[in-house]
Student: 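Following this message is one structure expressed as structure tokens.
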Amino acid sequence: MTAMEDALRLKKSLRIILLGSVMIFLPSMLLAYFGISSIQGEELAVFKDVKNQADGAANAFRNQFERPLASFESSVTHRLAAGRSPLEAPQELHPGVLVALKLDAGLQLVAPFRAGSPLSEPVDFLFDPSVRRALAADRRLEADQVVSQLYAHAEDASRSAQVKARMRFDRARLAARAGRPNASAMLMAGVIRDFGDLRDPWGFRMEDLVELYRAEGLMERNPLDGAQLLRTLVDRLMDRRWAIGMGGEGAVARRALSLLGPFADSEWVAATRERIDVRMGLLYWAEELLPELDALLAGGRNFSVDKGKMRWVEGERGLWALNWWGDDLYAFALDRTQLIADARRLAEEVSPVSSPVVGMLFAADEDVPTDVLSRRSLVPWMLGWSMAVVPRDAQALKDDLQSRRDRRIGIIILAISLIGLGALSTGRLVRTELDAARVKTDFAANVSHELRSPITQIRLKAESLMLGLSDTPEEQARDYRIIVRESERLSRLVDNVLDYSAIERGAKTYAMLVGDLGETVASAIETVEGSAELVDRDLYISIKPDLPAVAHDNDAIAQCVINLLSNAAKYSEPEDPIRLVMRRQDDGVVVAVTDEGIGIPQTDVEQIFEPFFRGSDASVRRRKGTGIGLAITFYIVSAHNGTVDVVSKPGEGSTFSLWFPAMTGDSTQRQGA
Ligand code: ADP
């Protein structure tokens, strides 16, 4: 191989590498780049979507939990600014309100309750024996005179004003029962005069008790006036500040309502009853929670800093809203336990079960997870508390992302493989096309060479005969033989080329006639056996008799036989024998031509029937040929519904067998191709 060829080959390899990289490498890189960035994009989108859902949940939580508190805050301020008491129906401002209180600058309770005057000593201890005796006698319904005296004695004996008041009241009641109304009225007036604003040991205000008692008496004599009195009593009770620690007002009001019976508007009765219940509830909570408020206020916090602005402080039971207005402190206790339970439930409920996120409520001392997507602090309402939205199932989210990523990468790999495959098959296609083009060029060169050499030979020999250059009769005979051989070759070549071009154009038709294939083959042999190629060869012909009839085109079959015999002669040495055998085989007739020549390598066997294919071996190249003989033979046999078979071994020879199906019908047919 020359240096020049080496250089050319190197250049070609470089070009192929360059082309390959352009066709495979660059698109693959681009695909991988965009693929990977799209994976990242998708992951980002998924994450953004989850984050959005988390934010949505957090916002929904804020709306449902925080907004009512915020609106409670502003309603209180509004009521205060409008000169209305925020203590009226405070539960309408927020359903969680347990109690609403007003304290003065000295932090003393002023509304709607006031500090009670609880007995300084336990009730049981205060009742000295005389009191207990009087009460027991009254219970046993002993003679009025006796009981009355016992009460009077107890009043004198007792050291407590509260007990004294109650003893005198009971004596007054007893006097009325004993039919001494004037004495009773005088005693009652005395109770009001001496103890009016005082409460008895059970928390009843003496004046209230007296009025209730008077109204009760009036009802018997004059129900309308009595009812009027009771109504006024109830209204006054409702307007008054009740005392913490004593439910006396509520009890008296309830009793008054029940005495009214049919003498009062039933709607008013129902509404009032409800108001009493609410007030009793508030009173209960006030009693429960007041110590907590006292503790908070005593805790040293300076609540007077933000005057007019609500301040939230958490107690054990209550979430306290404190608001200084003027010199008064308004304090509302919301049910803290309930609020927390509500917030917990709400946090979970704001995102549906199908959502990938879930909300949770966290106290100040609880550990908030690290993968929080959205978080809302409950300041200023509840210090330290927060609502956090986290992935419902972090692993599932990760798995989902992973499987999406895997799928994308799979698609990218597939696409890159397809590009590679496409490029490869394109390369192969281009190579086949290039090969075909080269084969055709070779063919053209071969044909012109094949044409030129017989023509040259014929002209040379004809000239030498014409000019008398061949002296001896032997020389002349040889010249004539050469002229004949070369013209035969020429005509066969022209036949083949014309045939092939007709076949390629699709213009080739065959005249199929049913007849004896043996005869056709025999006459074909006759025309060639004397030809220059075969004249000196050992040709063994064996045509079995009684062959079945075969529909065939005489000329075409003759051409096949001539091509096979001519190849057998061409690809073997002059001394090698050539055999042609014809016999019956599988419902048909087979024509087999065998030589003992160069044979065909296995790699070539599959291609020898391709047009223009010529064996790659030097021993083939040395021999003249165009590569269309076998292609035409194959085409003709196929047109006869036959098959072609080759058995060959390099160096030992080849057998080409053409098989034609026997005729079963009897008609003569023409078949076009
Ligand atoms: P040509 O003989 O003109 O080259 P053919 O189509 O007749 O073209 O044959 C195609 C190729 O098949 C030949 O080039 C040769 O390599 C191979 N070939 C055909 N017949 C024989 C044979 N009898 N022995 C060895 N090789 C053969």
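Because only heavy atoms are used, hydrogens play no part in the values below, and waters and symmetry mates are left out as well, while side chains stay in. Just so you know, ligand 1 is whichever comes first in the structure, and atom 1 is the first atom listed for that ligand.
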Student: So F612 and Y500, would you call those rings parallel, tilted or perpendicular, with 30° and 60° as cut-offs?
Tutor: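 Aromatic pair F612/Y500 classed perpendicular.
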
Student: For R537 and A569, indicate whether the former's side chain and the latter's backbone hold a donor-acceptor pair under 3.5 Å.
Tutor: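 Confirmed, R537 side chain pairs with A569 backbone.
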
Student: Please indicate whether any nitrogen or oxygen in F656 is less than 3.5 Å from any nitrogen or oxygen in ligand 1.
Tutor: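 F656 vs ligand 1: no N/O contact under 3.5 Å.
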
Student: With heavy atoms only and a cut-off of under 4.0 Å, state how D595 meets ligand 1: side chain, backbone, both or neither.
Tutor: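 Looking at D595 and ligand 1, just side chain atoms fall under 4.0 Å.
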
Student: So is there a nitrogen or oxygen of K624 less than 3.5 Å from a nitrogen or oxygen in ligand 1?
Tutor: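 No, since none of the N or O atoms of K624 sits under 3.5 Å from an N or O of ligand 1.
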
Student: May I ask you to test the V350-Q64 pair for a side-chain heavy-atom distance under 4.5 Å?
Tutor: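 In short, these two side chains touch, coming nearer than 4.5 Å.
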
Student: Show your reasoning for whether side chain to side chain contact (heavy atoms under 4.5 Å, CB included) applies to L630 and L564.
Tutor: CA-CA 8 Å; L630 282 182; L564 290 187; 4.0 Å; yes

Student: Ring pair (Phe, Tyr, Trp, His ring centres under 6.0 Å) with F362: which residues, sequence neighbours excluded?
Tutor: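 F362 satisfies ring pair (Phe, Tyr, Trp, His ring centres under 6.0 Å) with no other residue.
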
Student: Short list, please: which atoms of ligand 1 are under 4.0 Å from a heavy atom of K570?
Tutor: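 Under 4.0 Å from K570, ligand 1 has these atoms: 1 (P), 2 (O), 3 (O).
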
Student: Less than 3.5 Å between some nitrogen or oxygen of A631 and one of ligand 1, yes or no?
Tutor: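 The answer is no, given that A631 and ligand 1 share no N or O pair closer than 3.5 Å.
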
Student: For the pair F609 and F634, name the ring-plane relationship: parallel under 30°, tilted 30 to 60°, perpendicular over 60°.
Tutor: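 Tilted: the ring planes of F609 and F634 meet at 30° to 60°.
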
Student: With respect to L630, determine whether any N or O atom, backbone or side chain, lies less than 3.5 Å from an N or O atom of ligand 1.
Tutor: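 Among all N and O atoms of L630, at least one is under 3.5 Å from an N or O of ligand 1.
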
Student: Using a 4.0 Å cutoff against the non-hydrogen atoms of G615, which atoms of ligand 1 qualify?
Tutor: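 That gives atoms 14 (O), 16 (O) of ligand 1.
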
Student: Do any nitrogen or oxygen atoms of I600 come within less than 3.5 Å of a nitrogen or oxygen of ligand 1?
Tutor: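 I600 vs ligand 1: no N/O contact under 3.5 Å.
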
Student: Any chance you could measure L373, atom CG, to L397, atom CG, to the nearest 0.5 Å?
Tutor: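 Nearest 0.5 Å value for the CG-CG distance: 8.0 Å.
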
Student: Report the part of R623 (side chain from C-beta onward, or backbone N, CA, C, O) that has a heavy atom under 4.0 Å from ligand 1; answer both or neither where that applies.
Tutor: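 Neither; nothing of R623 gets under 4.0 Å from ligand 1.
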
